[in-house]
Asker: 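Okay, handing you the structure first.
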Amino acid sequence: MCLALPARVIERSADDQLLIDLGGIRKSVSGALTPEAQPGDYVIVHVGHAIGTVDAEEAERTLALFAELAASQAAEDQA
Amino acid sequence: MKYVDEFRDAALARNLAAKIAAEVQPQRRYHFMEFCGGHTHAIARYGLAELLPASVRMIHGPGCPVCVLPIGRIDQAIHLALERGAIVCTYGDTLRVPASGGLSMMKAKARGADIRMVYSAADALKVARANPVREVVFFAIGFETTTPPTALVLRQAKAEGLKNFSVLCCHVLTPAAITHILQGPGVGPAGDVPLDGFIGPAHVSIVIGYAPYVPFALGYQKPVVISGFEPLDVMQSILMLVRQVNEGRAEVENEFTRAVSADGNRAAQAVMDEVFEHREVFEWRGLGEVPDSALRIRPAYAEFDAEVRFGLCYQGVPDHKQCACGEILRGRKVPTDCKLFGTVCTPENPMGSCMVSSEGACAAHYAYGRFRDIPVVAA
């Protein structure tokens, strides 16, 4: 029910609609709840609406955290 | 897919599992409730429970909106379609939920009810525009994630002056349900339902932010970690919860920083606030009547409120006597404790609500975990 997926914004039209790209599939969703979303941004799409934007820097930071963990694990395994 | 695949890396998941195993303290048990059905689904689907040490137990909470929708509300929607001749539009998840008299919305459809599945609330509005001589009702369910789109269509219907559109509002609130769980019998150090922390919802928190969870951390001394729905997000959040428990902290931490802020989505909150107000009390399936836990349409939008428009009166309907959904949603039982599980109650023929949606505790265990407890015997 709360299924929502990150999708890339292709274009934003004047009537608050966003054309999004979801793994190659293009679809028009409402951008009324994300007035800040611009082409190139990633939005979280739920029931035909973009309910939030994805912060690219924060996503990188989370992935870096996992990578750091992998590195420390590898070091421990070697020790 | 970007922001999906990177968070499903198996090697990293094993690393996180090793980290959790290294940090759990011997002699200590950890009981964490994942409030949201999305997490329940992820834990079952990716086999995360197997990756966790035996001392960490996950409890499936009531955060599956289809699971907590009471029978009486589905009866209302069926009544509108069958007896009042309305076109009822709804999200697909609600169609198979068992209702009174052996019916479901799907079975009512087979009896001639005009019930249509929509992908978006905006599609219900399109149905209303295309059928000006019929009454069109949008059966609106869900937590704070699904509420802003409903608010938008109500605002749009008013702006267009649509005369044949209304909403049967069954939207519910996450913090109220968590409060209800925490205040329930048996929760706490002396009770039979130990609860050491919460995995907070991902998408609900995009809308409401993480600030609303602070009272649970402060007032009830329960750590909360807001978590994304991908397997690595969930594993990382469990690690963060284990650390809080070990260090005796009870704070709100945010693992899902890429989408959740402290304040949430202000635009979404503004439209919700304009259209909805709190209900004094709302019946939840499995939890009973929960005070201040749901929304209704404000009087300014009364002409679009199906309850007002059709003079509906809510009638509660008890669940199947043997169904353990209520106890499962409270963390007092697991699906296999229920007599109906996997026998008369299956995803093809659900008796209770936890078996209906793939996010329900019973359906998730049936789909991905029911052979887990059976020992493998060499032929």
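The figures that follow rest on heavy atoms only: side chains count, while hydrogens, waters and symmetry mates do not.
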Asker: So, do Thr257(B) and Arg61(A) sit near enough that their side-chain heavy atoms are less than 4.5 Å apart?
Answerer: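 Answer no - side chains too far apart.
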
Asker: Quick check: closest heavy atoms across Ala59(A) and Phe7(B), and the distance to 0.1 Å?
Answerer: O-CZ, 4.1 Å

Asker: Report yes if some heavy atom in the side chain of Met1(B) is under 4.5 Å from a heavy atom in the side chain of Pro6(A); otherwise report no.
Answerer: no

Asker: Let me know if Leu22(A) has heavy atoms under 4.5 Å from chain B in its side chain, its backbone, both or neither.
Answerer: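 Both the backbone and the side chain of Leu22(A) come within 4.5 Å of chain B.
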
Asker: Is any side-chain heavy atom of Thr145(B) less than 4.5 Å from a side-chain heavy atom of Ile51(A)?
Answerer: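 With C-beta onward as the side chain, the pair touches.
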
Asker: Is the CZ atom of Arg266(B) crowded by more than 12 outside heavy atoms at less than 6.0 Å?
Answerer: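 Incorrect, the count does not exceed 12.
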
Asker: Consider side chain to side chain contact (heavy atoms under 4.5 Å, CB included). Of Asn15(B), Asp9(B), Leu232(B), which one does Phe66(A) pass it with?
Answerer: Leu232(B)

Asker: Which bit of Val45(A) is near chain B, if near means a heavy-atom gap under 4.5 Å: side chain, backbone, both or neither?
Answerer: side chain

Asker: Under the 3.5 angstrom rule, does the side chain of Asn265(B) hit a backbone N or O of Leu33(A) as a donor-acceptor pair?
Answerer: yes

Asker: Measure distances from Thr53(A) to the heavy atoms of chain B and classify the residue's part below 4.5 Å as side chain, backbone, both or neither.
Answerer: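 The backbone, not the side chain.
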
Asker: Heavy-atom cut-off 4.5 Å, strictly under: side chain, backbone, both or neither for Ile44(A) against chain B?
Answerer: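 The answer is the side chain of Ile44(A).
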
Asker: Examine whether an atom of Ala7(A) lies under 4.5 Å from a heavy atom of chain B, and if so say whether it belongs to the side chain, the backbone or both; otherwise answer neither.
Answerer: neither

Asker: Is there side-chain contact between Lys27(A) and Tyr119(B), with at least one heavy-atom pair below 4.5 Å?
Answerer: yes

Asker: What distance separates Glu6(B) CD from Leu63(A) CG, expressed to the nearest 0.5 Å?
Answerer: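 Glu6(B) atom CD to Leu63(A) atom CG measures 5.5 Å (nearest 0.5 Å).
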
